[in-house]
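All chains are named by letter (A, B, ...) in the order of the sequence lines, taking the proteins before the strands, and each is independently numbered beginning at 1.
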Amino acid sequence: DTEVTQTPKHLVMGMTNKKSLKCEQHMGHRAMYWYKQKAKKPPELMFVYSYEKLSINESVPSRFSPECPNSSLLNLHLHALQPEDSALYLCASSQLQGTGYTFGSGTRLTVV
Amino acid sequence: GNSVTQMEGPVTLSEEAFLTINCTYTATGYPSLFWYVQYPGEGLQLLLKATKADDKGSNKGFEATYRKETTSFHLEKGSVQVSDSAVYFCALSISGSARQLTFGSGTQLTVLP
């Protein structure tokens, strides 16, 4: 298995909703990442997990809450989002040594 | 710090034309270099990579050579197809315990039949 699987592919949520994005990989990668991508822009790093521990939080608002329950799963919990949070949310995983780095196909989030 | 500067787009070419997308970088340490491609409505796919100076990455007719002396990693393809229309991102990472990718701004390529 050489894929990073993200669900759902599309999500529409209201500003008072709570939802979660899910990411799964079975490549044995011990680093996992959340990126946010706005249209026509490069991905922006949000969070990095290394050995299931949060190692980097790029000053992301608390309405985004990451969770890494085990070495294969990564979640992003969403609460009280704003319309400007609408974007493509990408999960990625990588080896800690070497150069393997794999992206999922993303969740396209719309906040209404 | 680390940064990647990419050729401004959009780029529009006719089918079978030659493609070059310029990419230069600044980095502390010895980076690995990547080209990612993003087709409309999709995530990022690794197109090719190079991990040390003078390495050439290649895939699907695309090539890029890691030039340490000019800190460049330009993407080339001899004959583009309509199906190559996408956004192309140059990126680098520095080896470490958990590596972040530093991206260029992206170049939109449109190939016309």
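Only the side chain of A:R108 comes within contact range of chain B, with at least one heavy atom under 4.5 Å from a heavy atom of that chain. Proximity to chain A is limited to the side chain of B:Q108, based on heavy atoms less than 4.5 angstrom apart. For B:Q38, the part lying near chain A is the side chain, with the backbone staying farther off; criterion is any non-hydrogen pair under 4.5 Å. For A:E44, no part lies under 4.5 angstrom from a heavy atom of chain B. For A:K9, no part lies near chain B; criterion is any non-hydrogen pair under 4.5 Å.
Cluster annotation: B:F62 is connected to B:Y39 through the hydrophobic network of ILVMFWY side chains, with a link wherever side-chain heavy atoms come within less than 4.5 Å. There is no path of hydrophobic side-chain contacts, each under 4.5 Å, that joins B:L112 to B:I21. Note: the hydrophobic cluster containing A:L73 does not contain A:M32 (ILVMFWY, side chain heavy atoms under 4.5 Å, direct or indirect links). A:M46 and A:L54 fall within the same hydrophobic cluster, defined by Ile, Leu, Val, Met, Phe, Trp and Tyr side-chain heavy atoms under 4.5 Å apart, directly or through other members.
Annotation: B:E8, atom CD; neighbour count of heavy atoms from other residues, nucleotides and ligands within 6.0 Å does not exceed 12. Heavy-atom neighbours of A:K38 NZ from other residues, nucleotides or ligands within 6.0 Å: above the threshold of 12. Atom CD of B:E16 is surrounded by 12 or fewer heavy atoms from other residues, nucleotides or ligands within 6.0 Å.
Note: A:Y101 OH to B:L101 CG = 4.0 Å, rounded to the nearest 0.5 Å. The line from OG1 of A:T102 to CG of B:L44 is 11.5 Å long, rounded to the nearest 0.5 Å. Rounding to the nearest 0.5 Å places NZ of A:K41 at 15.0 Å from CZ of B:F103.
Taking the six-membered ring where the residue is Trp, the centroids of B:Y36 and A:F103 are separated by under 6.0 Å.
Between B:G104 and A:P42 the shortest heavy-atom distance is O-CB, 3.3 Å.
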